[in-house]
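Let me begin by presenting the structure, written as structure tokens, before commenting on it.
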Amino acid sequence: MIEPTRYITAILVFVLGLIISVWLQHNTEADDFLRAENAFYHSAQERIETIANRLELKMTILGAVAAFYDGSRNVDRKEFHDFVKRVNSQVEIGQSFLALEWVPVIPQSERHAYEQQARKDGFHYFSFTEKSADGRIIAARKRDQYYPVYYVEPYLGNEGVMGFDLGSNPERLDALNQARDSGTVVASRKIKLVQLTEKNAGVLLFWPIYQQGAPYNTLVTRRENIKGFVLGVMRISHIVSGALNTSVHESIQKPAGIDLYVYDNDDPRNDSLIYLHQSRSRINQTAPMLSLSQAREGTFEDYTFKVGTSSWTIVARPIDPLFSAQISSSGQNIFIASILITILLTLFLLRDARRTIEIESKVQQRTRELNAAIAVANNKEKRIRAIVENTAEAIITIDDKGLMQTVNPAAEQLFGYTSEEMLANNVAMLMPEGERESHDRYLLHSQLHATKVINQMRELYGQRKDGSIFPMQLNVSPMETGNQRMYVGIMHDITERKEAERLKSEFVSTVSHELRTPMTSIKGSISILKTGALGEMSDKAKSLLDIAVSNVDRLIRLINDILDIEKIAAGKIQYNMAPVALLSVVNESITATQEYASKHGTSYVLTDTIDDAIVFGDHDRLIQVMTNLLSNAAKYSPSDVPVEISMQHHDAYLRVSVTDKGEGIPEEFRDQIFSRFSQADSSTTRKVGGTGLGLAITKAIVEDHKGHIAFESETGQGTTFYFDLPEQMEQ
């Protein structure tokens with residue numbers, strides 16, 4: 001007879017056990033789901049980043065061809081072929097465009113001359129063409145202007161596009177007009193490409209080129225002085241599928257159960273989906289066609305970026321939003337085991353002493369299960385030990401006194417010692433003589449220096465048994481074994497990487513030197529010609545010599561900037577530090593750049609000064625900072641509007657500000673303003689030369705002087721660059 005209280009206790013135990021079992025199952029499956037979801041987000045971000053990088057590379061290639069046209073008065077067919085071939089040789093196969101083309105703007109009166117010239121170039125059947133209503137290629141009808149494909153690379157595979165008038169198609173003509181009027185690269189809507197016959201949806205990127213030397217800072221002048229367009233043809237499937245198939249990351253090349261949707265946010269048509277990359281994990285099913293809002297429902301990862309003036313969005317979605325395949329059966333096993341334990345405990349409470357044998361049997365069963373679990377744990381330990389023993393990375397564990405407790409074969413091979421020679425010895429024996437004492441201090445105060453050495457990747461030198469010293473990368477992590485604090489060190493030999501960095505630096509320096517010497521000679525020779533020492537020259541010849549001198553000066557500045565940026569990256573830039581009068585630096589810089597400002601139709605005005613302002617720095621490098629900021633301001637300042645320079649006290653610093661009244665820095669470019677080779681390309685700014693290195697060098701010099709540089713810009717109102725340097729007080 002079961003007593004009521006005993007019955008109630010058993011029920012309570014059963015209910016509690018059931019609740020715990022459900023909770024354990026839920027938590028286990030939730031952990032599996034979270035791991036699968038995190039894996040999805042990581043894989044999706046990798047794929048999206050790879051696609052975005054591929055698009056960025058294409059924009060860079062297109063920009064290079066456009067810059068080639070901007071820097072040349074006339075580009076013939078062979079020059080276009082050679083330059084595109086040279087650009088494409090710098091990237092991997094498949095990374096460039098399906099085609100790169102030159103599309104001139106040709107009035108109706110010059111049509112015949114252009115067709116005849118192309119035929120003389122070897123294209124015997126060249127003529128301006130268009131597509132008829134039934135899809136046939138026919139002769140272009142008479143119209144005021146034509147936009148024919150005049151140069152195309154590669155030619156093989158793109159023969160059919162030669163002479164095709166892009167202005168005959170309303171969508172292409174709309175993109176051409178947008179590019180011409182805005183002065184920026186414009187992407188067309190999704191279209192069918194002339195080059196292909198199936199699966200040929202693509203996008204055209206139009207980069208406008210204006211007559212060299214002609215103004216194009218207004219809508220009227222841009223329409224009057226348009227010369228043509230550099231055209232990049234992208235096949236949308238190559239952008240996405242090609243990026244994933246050719247990625248250097250093996251994890252991206254493997255199917256991850258992710259569908260990728262690409263949308264054109266600016267497409268006025270109802271269907272903004274321009275490409276769907278179906279996961280290779282799909283076998284007998286097809287990915288659904290979704291609108292952008294539908295794609296952003298549930299689990300997804302998206303990224304929006306600019307393609308010319310258009311805004312594209314990539315959305316990554318898992319083919320199984322529940323991640324059923326990634327959720328293991330552990331939750332169910334735990335639930336079953338927990339229920340079994342609950343039932344056993346309930347039965348134990350309901351049974352009396354007469355069931356002792358049965359209870360002992362259950363205990364023995366649980367003991368066997370425990371032994372099996374211990375055996376599994378031992379197997380796991382053996383697998384971990386096997387991984388450590390066979391990894392290529394050197395792994396050493398030490399105690400809090402610096403004595404080595406374990407070493408793996410890779411560590412023996414790296415340092416040339418046997419494990420017997422290393423175990424129980426201080427790890428400092430693996431370091432050069434000068435670093436052993438500092439290592440012991442780190443161990444003595446390991447908590448104090450934790451942020452400097454623990455979980456931080458460091459580069460230092462190691463010493464082998466034979467006495468040779470080599471550079472290595474070290475990561476130290478703490479671990480607790482019982483009550484003892486231990487450390488795990490993972491080391492990697494970086495000798496080859498350091499040698500590659502050295503060779504790169506030497507190469508840049510050598511090439512720059514070899515370029516600067518002939519450039520100086522060329523400039524000197526041209527200067528002699530300009531003086532008339534070798535005979536009187538025509539005005540046209542003198543003009544060409546002026547252009548040559550300007551280009552030589554630009555190359556010399558580029559070489560000097562490259563040398564400076566490499567010295568900065570290598571930490572080899574030298575400073576002659578001394579007290580410097582900041583006002584003197586400002587005045588000398590204004591004098592040095594006044595002629596440059598005059599060429600751009602502007603001047604400098606010094607509004608606020610501090611006569612006794614003293615900083616501790618390198619006089620010449622500070623001149624370099626000021627001339628960079630002044631010349632940039634002059635380039636972007638409107639004609640007859642002076643650039644303003646001011647000096648103020650700012651806390652314990654001296655602030656120098658340079659303000660222009662130009663159109664300001666585009667919002668999307670501001671995060672890149674101090675990056676290497678960065679230049680804004682906006683229709684609201686005049687086209688100016690430059691390497692894109694000046695501000696990066698300026699920022700490095702200011703920061704090496706323990707200062708800070710920043711800017712403030714308002715679209716249509718102008719930009720102020722300023723830098724702060726610590727003020728040196730008189731002693």
Side-chain angles (χ1 to χ4, degrees), residues 557 560-561 563-565 567-568 571-600 602-637 641-662 664-665 670 673-674 690-691 693-714 717-731:
R557 288 195 300 272
N560 290 335
D561 284 348
L563 285 174
D564 278 347
I565 207 72
K567 288 179 181 177
I568 290 169
K572 296 181 179 178
I573 190 167
Q574 299 294 323
Y575 293 103
N576 297 318
M577 306 297 283
V580 177
L582 193 55
L583 180 58
S584 173
V585 170
V586 171
N587 286 329
E588 289 182 42
S589 302
I590 291 174
T591 302
T593 57
Q594 188 63 59
E595 183 179 353
Y596 183 83
S598 298
K599 290 181 179 179
H600 286 80
T602 188
S603 60
Y604 302 120
V605 56
L606 187 56
T607 59
D608 297 313
T609 62
I610 303 174
D611 295 338
D612 57 350
I614 302 295
V615 297
F616 189 71
D618 185 311
H619 178 271
D620 292 338
R621 290 296 181 182
L622 293 178
I623 290 286
Q624 186 176 0
V625 169
M626 278 302 302
T627 54
N628 267 332
L629 297 181
L630 291 175
S631 59
N632 275 350
K635 286 190 290 187
Y636 293 103
S637 184
V641 179
V643 174
E644 298 179 358
I645 304 103
S646 65
M647 300 171 58
Q648 300 97 18
H649 286 285
H650 187 74
D651 296 331
Y653 292 82
L654 292 169
R655 172 169 292 185
V656 179
S657 303
V658 178
T659 302
D660 66 68
K661 301 299 181 182
I665 300 171
R670 295 180 184 180
I673 194 71
F674 291 111
T691 65
L693 294 173
L695 287 177
I697 294 171
T698 297
K699 182 175 185 292
I701 293 173
V702 170
E703 291 177 350
D704 285 346
H705 281 71
K706 297 181 173 58
H708 170 73
I709 186 170
F711 67 92
E712 297 173 353
S713 184
E714 184 176 353
Q717 300 299 317
T719 301
T720 296
F721 277 89
Y722 61 86
F723 62 90
D724 300 333
L725 296 176
E727 182 176 12
Q728 185 177 26
M729 307 304 294
E730 295 185 4
Q731 301 297 320

Please list all pairs meeting salt bridge (Lys or Arg N to Asp or Glu O under 4.0 Å) that have one or both residues in residues 645-660, counting only residues at least two apart or in different chains. R655-D724
Can you name the one residue among V658, T591, I645, V586 that meets side chain to side chain contact (heavy atoms under 4.5 Å, CB included) with Y604? I645
Contact between V615 and L622 at the side-chain level, heavy atoms closer than 4.5 Å - yes or no? yes
Nearest 0.5 Å, please: how far is CE in M626 from CZ in F723? 5.5 Å
Roughly how far, to the nearest 0.5 Å, is OG1 of T719 from CG of N632? 10.5 Å
Report the relative orientation of the aromatic rings in F721 and F711; use parallel for angles under 30°, tilted for 30 to 60°, perpendicular for over 60°. tilted
Can you give me the closest heavy-atom contact between G617 and V580, atom names plus distance? O-CG2, 3.3 Å
The criterion is side-chain contact (heavy atoms from CB on, under 4.5 Å); which residues satisfy it with T659, sequence neighbours excluded? E644, K661, T720
In terms of heavy-atom contacts, L725 and G707 come closest through CD2-CA, 4.2 Å
Looking at every non-hydrogen atom in both residues, tell me the closest pair between S631 and Y596 and how far apart they are. O-CE2, 3.5 Å
Answer whether the closest heavy-atom distance between the side chains of L583 and L606 falls below 4.5 Å. yes
What heavy-atom pair brings S637 and T602 nearest, and what distance separates the two atoms? OG-OG1, 3.8 Å
Look up atom CG in N628 and atom OG1 in T698, then write down how far apart they are to the nearest 0.5 Å. 3.5 Å
Atom pair NE2 (H649) and CD1 (I610), whose distance is rounded to the nearest 0.5 Å: 3.5 Å
Tightest non-hydrogen contact, residues M647 and A613, listed as CE-CB, 3.9 Å
When you look at R621 and D704, which way does the side-chain contact (heavy atoms from CB on, under 4.5 Å) test go after all the steps? CA-CA 10 Å; R621 290 296 181 182; D704 285 346; over 6 Å; no
When rounded to the nearest 0.5 angstrom, what is the spacing between CG in D620 and CD in Q624? 9.0 Å
How about K706 and F616: do any of their side-chain heavy atoms sit closer than 4.5 Å? no
Sequence neighbours excluded, which residues qualify as salt bridge (Lys or Arg N to Asp or Glu O under 4.0 Å) partners of E703? K699
pair I697-V625: side-chain heavy atoms closer than 4.5 Å: no
Approximate separation, where rounding is to 0.5 Å, of D618 CG and I623 CD1: 10.0 Å
For a quick test of reading the model, state the closest non-hydrogen atom pair linking S713 to G664 and the distance between them. OG-CA, 3.4 Å
Check: R670 side chain, I665 main-chain N or O, donor-acceptor pair, under 3.5 Å: yes
